[in-house]
Structure formats: C-alpha cells, structure tokens
There are 2 protein chains.
Amino acid sequence: MATATDSHPSIDWTSYATTQIQAAGLRRSGARQKVIQMLGRQSCALTALDIDAKLPKVGRATVYRAIEQLEELNLIHRVDLGGNAFGYEKVDPTGDHHHHIVCDQCGKVEPFADEELEKAIHEIRRNGFRISSHEITLKGTCQNCD
Amino acid sequence: MATATDSHPSIDWTSYATTQIQAAGLRRSGARQKVIQMLGRQSCALTALDIDAKLPKVGRATVYRAIEQLEELNLIHRVDLGGNAFGYEKVDPTGDHHHHIVCDQCGKVEPFADEELEKAIHEIRRNGFRISSHEITLKGTCQNCD
DNA sequence: GTATGTGCAAAGGCTTTGCACACGT
DNA sequence: ACGTGTGCAAAGCCTTTGCACATAC
C-alpha cells in the first residue's frame, strides 16, 4: 500500500479539505487556502496564534474564521494542549487518528496511537447520547523535565 | 463497605483537601474554605465563573487563585467542556474517577466510567514520558438535541 | 454583478496582577 | 506581630465582531 505519495501525506488532506470547502458552498479564496495548505503541512496541533504567526499576510480574524469553518466541516479538530491553550490539527480523511501526551512542565506535546485503547473506546455505549468522537490526553513529565 | 457517609461522599474530599492545604503550609482561610466546601458538594465539573457566581461573597481573583492552588496540589483537575470552556472538579482521594461526555449542540455534560477503558489506558507506556494522569472526553449529541 | 471573503481596528470575555487592607497562626 | 490571604480595580490575552473594501464565481 505504500505509494509515492507517502512522503507527502498532507497533500491528501489539503485537496480533500479544499474539495469539502467547495462542496459546502464556500469559495476557494486565497487566505483560507493558505490556512488549509499550512495545516496540511503540520503533523501535530497548532494554536490559532501559531497559525496566525506562520501566515503573516493573513489577518488574524480570517485565521479564526477559517478555523471555525474547518472545524464545523470536521476537517480539523481541537485538542487540549494544557495551560488554557487549544490546538487544532487536521482530521485524517481515512479515519486514522492519534491522541496526545502533554508534558505538565514544559508543555511539550507528542502524538501517540494505541489500538487497544481505540477498541475500548468504541465499545462504550451511553444511553441518551449518540457518540461521534472522542479525545484522549495523557499528562505527565517528559525526559527533559524529569 | 457502604457506610453512613455514602450519602455525603463530598465530606471526605472536603476534609482531605483542607488537610492537604494545611500540609502545604497554606492557611485555613475563610474564602478558600468556601471554595473547597463548594467544590466538595459538586458531583461534576464547574467553570471558574460558575464557582464565582455561586460564591458572591468571595472575590473573583480569589476564586482563580484557589483553583490554581488546588490544581497544583492535585486536589482538583481541569476538564475540557467544549466551546473554549474549562471546568474544574475534585479529585477523589481514593483514586476513583470518571470521564465526561459532552453534547456538541447544547453543551450538556455527563460523567461516565468504564473499566475496560481504564485498563487500556493503564497499559499504555510511552518512551520519554512518565505518565501521571489522563483525560478522556467523548463528544456527541444528546437526546434533546438529536 | 453579486454575494462571499478579507483585513483592520474596536469591542468583548475570561484570567491575571498590583496594591492596600484583613485575617490566620 | 508577622506573613499569608483577600477584594477591588486595572491590565493582559485571546477571540469575536463591525464595517468598508476586495475577490471568487
């Protein structure tokens, strides 16, 4: 299954997101496309201000509006980064996903995936709720801080 | 194991928290005690502003300072309530804990516990991190909003 | 050509801080 | 008595909103 595009996994998400944005009746506008392409290049979560800082030519309000729209369409999702901060990262169109481990001391974030955990999560049923997604954050201390 | 105090499970946490606060060299002051007693009575997470609203005689800054200290001592922890809001709830001294399911539409929060999930979580090992805690949030739509 | 999208600047909401006074030990 | 704790008000941050101009379709 490995293909030549494996080294640029973001291309898939970028074009997928662009398609979905258009399917939703939104325009393929310059500023929003810059946000999409930037997020497509990231492997892990960035805060709204991180995104804004990386795109000096895009207004901050536009960054926030783009985040809102992308989240609405389920193209990105928010993750708790500790310390009153939220990050955003792309949602893999294949359904593949990971969770995060955050260092309490320095705020360092690393992704991780665990199949047993996913199984356990998908077993959960809750009366009165239709569950659509889940977020798991592990907290601890990283080597540098320990 | 059921005892007469089961109907007031919060008493344990309240006195435990008070003891820990004093052990940390902090004083048993009026305002902070009010925050502790209030949190002890809650069964689920409250935001800083919820806490402030419930304690009109305690200054807002004091509420935030108390939250900071209680979190530092691991007597409460923060939970993601969706929509840019964080809630705080007591940490059970017996180690007992639950997670949350949040309605995307109305923000309703319900606690849940799942033993298989806890097992899976405790199996996780991650090089370069000493894991101390975890947070799990399920998201979905509740009956009223569906 | 028209409705959507954008950037700026202002407003808003939550959280933190500075400081003088109050209180616990 | 001393140092911690408190409340108020001001400042700080991040996020959202209003509005005139620009751009995609």
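Proteins get letters first, then strands, A, B, ... in listed order; numbering begins at 1 in each.
Qualifying ring pair (Phe, Tyr, Trp, His ring centres under 6.0 Å) partners for B:His98, counting only residues two or more places apart in sequence or in other chains: B:His100. For B:Ser29, the side-chain contact (heavy atoms from CB on, under 4.5 Å) partners two or more places apart in sequence, or in a different chain, are B:Arg32. In terms of the side-chain contact (heavy atoms from CB on, under 4.5 Å) criterion, A:Gln143 has no residue partners (sequence neighbours excluded). Annotation: side-chain contact (heavy atoms from CB on, under 4.5 Å) contacts of B:Asp114 (sequence neighbours excluded): A:Ile124, B:Phe112, B:Glu116, B:Leu117. Shown here are the salt bridge (Lys or Arg N to Asp or Glu O under 4.0 Å) partners of B:Glu89, two or more places apart in sequence or in another chain: there are none.
When distances run from any side-chain atom of A:Arg65 to the nucleotides C:dT25, D:dC8, C:dT6, the shortest one goes to C:dT6.
Contacts with DNA chain C (heavy atom under 4.0 Å) in residues 53-62 of chain A: A:Lys57, A:Val58, A:Gly59, A:Ala61, A:Thr62, listed by number. Non-hydrogen atoms lying under 4.0 Å from DNA chain C are contributed by A:Arg27, A:Ser29, A:Ala31, A:Arg32, all within residues 27-36 of chain A.
Atoms CD1 (A:Ile51) and P (D:dC14) sit 14 Å apart, rounded to a whole Å. Per the geometry, CD belonging to B:Glu68 stands 13 Å off P belonging to D:dT6, to the nearest Å. If you measure from atom CG of A:Asp52 to atom P of D:dT16, you get 13 Å, rounded to the nearest angstrom. Atoms CZ (B:Phe86) and C1' (C:dG13) sit 15 Å apart, rounded to a whole Å. The distance from atom OH of B:Tyr88 to atom P of C:dC14 is 13 Å, rounded to the nearest whole Å.
Applying the ring pair (Phe, Tyr, Trp, His ring centres under 6.0 Å) definition to pairs two or more places apart or across chains, those involving residues 69-95 of chain A are A:Phe86-B:Phe86. Evaluation of the ring pair (Phe, Tyr, Trp, His ring centres under 6.0 Å) test over residues 126-145 of chain B, restricted to residues two or more places apart or in two chains, returns B:His97-B:His134, B:His99-B:His134, B:His122-B:His134.
Within the 4.5 Å cutoff, the side chain of A:Leu138 has no heavy atoms near those of the B:Arg126 side chain.
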